[in-house]
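This report refers to the structure that appears directly beneath it.
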Amino acid sequence: MPLTINGTDHDFTGDPRTTLLDFLRDGCGLTGTKKGCDHGQCGACTVLVNGQRINSCLTLAVMHEGDAVTTIEGFGTPEELHPLQEAFVRHDGFQCGYCTPGQICSAKAMLDEAANGWASFVSDDITAPVSLTRDEIRERMSGNLCRCGAYSNIVDAIAEVVEAGR
Amino acid sequence: MKGFDYSRAEAVTHAAEQAREGARLIAGGTNLLDLMKLEIERPDALVDINRLELGGIERTEGGLRIGALVSNSACAADERIRRDYPILARAILAGATFQLRNKATTGGNLCQRTRCYYFYNRDQPCNKREPGTGCGAIGGVNRIHAILGASEACIATYPGDMAVALAALDASVEVSGRDGSARMIPVRAFHRLPGDHPERDNVLEAGEVITAVVLPEPVGGTQIYRKVRDRSSYAFALVSVACVIAMEEGRIGRASLAFGGLAHKPWHDPGVEELLVGNEPSDALFDKAADVLLAEAKGQGANDFKIPMTRRVLKGVLREATGRAV
């Protein structure tokens with residue numbers, strides 16, 4: 001069953017119980033995506049599927065025939081970091097780093113959602129263009145927990161990328 | 001996770017044929033797979049309906065038809081829904097996270113199961129999970145449980161936000177039967193009270209597939225969805241109110257209200273609306289509305305606080321909706 005991961009063709013043939021997360025890590029050796037709670041509560045496993053962020057622990061690999069998956073390995077290289085990766089380093093947006101791949105995948109999708117005008121729970125006017133204030137960033141990133149509590153620096157890092165994009 | 005046969009449905013009738021005892025349809029899967037990992041759901045067959053043509057939001061005569069596979073994100077982002085049914089967009093955005101809403105679907109959201117701790121814990125008795133084993137929540141830890149419509153068999157609540165707004169809007173669920181026939185079920189009648197059969201969350205019959213949710217024409221008015229929860233994001237409602245109020249010459253012309261977190265289903269009480277309509281808004285009137293709503297309310301101990309909380313939230317929402325905000 002074919003799908004692409006970070007632009008490369010892959011074939012899934014395993015047990016249908018295999019989550020997309022386990023396929024990425026164990027089947028493809030892409031261990032950047034992390035398993036935290038395995039129940040969709042922590043966001044460490046966040047990846048992009050056809051550009052949208054999802055919890056890869058709560059979906060089966062077999063359900064993704066033909067889909068385009070992007071993991072943290074698809075985001076830039078050690079020589080040329082993605083702007084979000086650079087900003088996380090500059091603002092120290094982590095301590096242990098376990099949640100960081102999920103945070104960065106999530107933040108990338110968040111920027112696209114905001115650009116497409118998607119409102120959030122804290123938006124005063126859900127029909128107006130989105131302005132990514134710190135409150136908006138916090139609400140939109142609430143699906144990504146950071147056990148080390150680096151939240152304020154994570155918000156700083158994302159806010160800087162938002163600002164640079166203006 | 002227990003093993004299962006995986007198949008993909010190519011047509012709604014095909015899905016209906018396969019939706020036999022022991023099988024489960026899977027769309028977004030965000031709730032079902034969580035429950036399967038815990039072996040609370042143990043289907044022997046999983047029918048993937050994601051390739052069915054049930055996406056898209058179309059205009060109907062006056063209203064909108066939201067395909068069962070439209071994601072919660074896409075529904076809340078739809079321009080027509082944000083403009084004409086803001087209460088629905090607001091309720092969806094009040095639930096879960098962006099990651100979950102990207103995967104969760106309109107039909108699946110309606111079918112999500114309770115978050116009762118005893119339902120989730122296989123070491124505990126639960127009549128919903130295993131009929132006849134008893135209810136651990138009665139006399140147990142029941143902070144999040146029902147104050148209305150509970151039974152001696154079950155005090156679980158329906159956890160969702162979207163369906164509460166749909167109940168206030170008086171939307172309908174479009175369902176296709178095994179023989180291909182369609183029927184419409186009002187959202188207000190879709191979920192059940194637990195009675196003696198808490199294992200049945202809703203009125204869907206074997207082989208029925210949700211194909212869409214149909215919204216009536218826009219109702220206008222002031223629309224408010226207020227949700228009270230233990231933390232300000234990514235938490236289920238302790239109490240929520242979906243409210244549509246239209247004022248006419250200083251009086252309440254129309255009122256439509258539904259409540260989440262109180263019962264085994266989104267709670268709708270026509271008596272509350274009848275009491276409000278035709279009257280001038282006042283705190284005394286709002287208190288009477290709360291009296292009607294809560295006449296049969298019964299706390300279970302740890303959730304007793306929900307009774308005064310519901311009164312306060314209802315009054316606050318009515319003040320705001322009628323322009324008497326404090």
Side-chain angles (χ1 to χ4, degrees), chain A residues 1 15-22 37-43 45-67 102 105-107 109-110 112-114 116-123 125-128 130 135 138-145, chain B residues 1-8 26-38 45-46 48-51 71 73-74 76-104 120 161 223 225 227 229 231-235:
Chain A
M1 195 217 72
D15 188 315
R17 288 176 289 186
T18 311
T19 61
L20 179 60
L21 171 62
D22 287 341
C37 68
D38 209 24
H39 287 278
Q41 297 179 6
C42 76
C45 69
T46 303
V47 300
L48 311 184
V49 173
N50 305 328
Q52 297 208 335
R53 50 175 163 166
I54 67 163
N55 301 108
S56 62
C57 73
L58 283 187
T59 191
L60 300 173
V62 71
M63 293 161 70
H64 289 281
E65 180 168 353
D67 282 347
C105 287
S106 202
M110 183 197 67
D112 297 340
E113 290 157 2
N116 286 330
W118 289 18
S120 85
F121 179 71
V122 299
S123 305
D125 179 354
I126 57 172
T127 60
V130 176
D135 279 351
R138 284 195 192 93
E139 165 62 18
R140 290 165 188 268
M141 293 297 290
S142 73
N144 292 83
L145 302 187
Chain B
M1 193 186 296
K2 192 172 154 279
F4 52 82
D5 292 325
Y6 171 84
S7 64
R8 265 184 215 155
I26 187 164
T30 53
N31 187 211
L32 180 58
L33 287 169
D34 185 29
L35 292 168
M36 285 170 64
K37 287 182 182 192
L38 298 165
L46 205 55
D48 183 350
I49 60 167
N50 283 294
R51 311 275 155 160
S71 73
S73 288
D78 186 272
E79 207 176 299
R80 295 160 294 183
I81 287 178
R82 282 191 282 168
R83 185 188 62 221
D84 297 333
Y85 306 93
I87 199 176
L88 177 57
R90 288 275 182 198
I92 291 172
L93 295 173
T97 63
F98 276 79
Q99 284 100 315
L100 289 165
R101 295 196 297 267
N102 281 343
K103 208 82 190 79
Y120 262 81
D161 294 295
Q223 303 192 11
Y225 186 74
K227 177 174 180 177
R229 44 184 162 172
R231 58 177 184 226
S232 61
S233 187
Y234 195 17

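Order of the sequence lines fixes the chain letters, A, B, ..., with proteins taken first and strands second; residue numbering starts at 1 for each chain. All values derive from a computational prediction rather than experimental measurement.
A:N55 places no side-chain N or O within 3.5 Å of a backbone atom of A:L58 that could act as its donor or acceptor partner. For B:K37 (side chain) and A:C57 (main-chain N/O), a donor-acceptor pair under 3.5 Å exists by modelled atom type.
Ranked by heavy-atom pairs under 4.5 Å with chain A, the first of B:Y234, B:F4, B:F98 is B:F98. Per-residue counts of heavy-atom pairs under 4.5 Å with chain B were compared for A:G43, A:A109, A:P16, A:G117; the largest is that of A:P16. Top candidate by heavy-atom pairs under 4.5 Å with chain A, chosen from B:D48, B:T97, B:L100, B:L93, is B:L93. Ranked by heavy-atom pairs under 4.5 Å with chain B, the list A:T127, A:I126, A:N144, A:T19 is led by A:I126. Contacts with chain A were tallied for B:R90, B:R101, B:K103; B:R90 has the most, counting heavy-atom pairs under 4.5 Å. Across A:N116, A:L60, A:V122, the residue that shares the most heavy-atom pairs under 4.5 angstrom with chain B is A:L60.
Taking the side chain as every heavy atom from C-beta outward, B:I26 and B:I49 never approach each other to under 4.5 Å. Using a 4.5 Å heavy-atom threshold, the side chains of B:D161 and B:K227 count as touching. By the 4.5 Å heavy-atom criterion applied to side chains, B:M36 and B:L33 are counted as neighbours.
A pairwise comparison of heavy atoms in A:H64 and A:T59 identifies NE2-OG1, 2.7 Å as the closest pair. Taking all atoms of both residues into account, the shortest heavy-atom contact from B:Q223 to B:P86 is OE1-CD, 3.3 Å. Of all heavy-atom pairs between B:T30 and B:A104, the closest is OG1-CB, 4.0 Å.
Between the side chains of A:R53 and A:S106, at least one donor N or O lies within less than 3.5 Å of an accepting N or O.
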Does the side-chain contact (heavy atoms from CB on, under 4.5 Å) test come out yes or no for A:F121 and B:S232, once each step is laid out? CA-CA 10 Å; A:F121 179 71; B:S232 61; over 6 Å; no

Decide yes or no on side-chain contact (heavy atoms from CB on, under 4.5 Å) for A:V130 and A:R140, but give the supporting numbers first. CA-CA 12 Å; A:V130 176; A:R140 290 165 188 268; 3.4 Å; yes

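Neither the backbone nor the side chain of B:S71 comes within contact range of chain A; no heavy atoms are under 4.5 Å apart. Heavy atoms of A:Q41 lying under 4.5 Å from chain B belong to its backbone as well as its side chain. For A:N50, no part lies near chain B; criterion is any non-hydrogen pair under 4.5 Å. With a 4.5 Å cut-off on non-hydrogen atoms, A:T46 touches chain B through its side chain but not through its backbone. Using a 4.5 Å cut-off between heavy atoms, B:Y225 makes no contact with chain A at all. Both the backbone and the side chain of B:D34 have a heavy atom closer than 4.5 Å to some heavy atom of chain A. The parts of B:N102 that come within reach of chain A are both its backbone and its side chain, each placing non-hydrogen atoms under 4.5 angstrom from that chain. For B:R8, the part lying under 4.5 angstrom from a heavy atom of chain A is the side chain only. Neither the backbone nor the side chain of A:D15 has a heavy atom closer than 4.5 Å to any heavy atom of chain B. Heavy atoms of B:A27 lying under 4.5 Å from chain A belong exclusively to its backbone. Only the side chain of B:L46 has a heavy atom closer than 4.5 Å to any heavy atom of chain A. Of the two parts of B:K2, only the backbone, made up of N, CA, C and O, holds a non-hydrogen atom closer than 4.5 Å to a non-hydrogen atom of chain A. Contact annotation for B:A76: neither backbone nor side-chain heavy atoms come within less than 4.5 Å of a heavy atom of chain A.
One finds no salt bridge joining B:R51 and A:E65 here, because no Lys/Arg side-chain nitrogen approaches an Asp/Glu carboxylate oxygen to under 4.0 Å.
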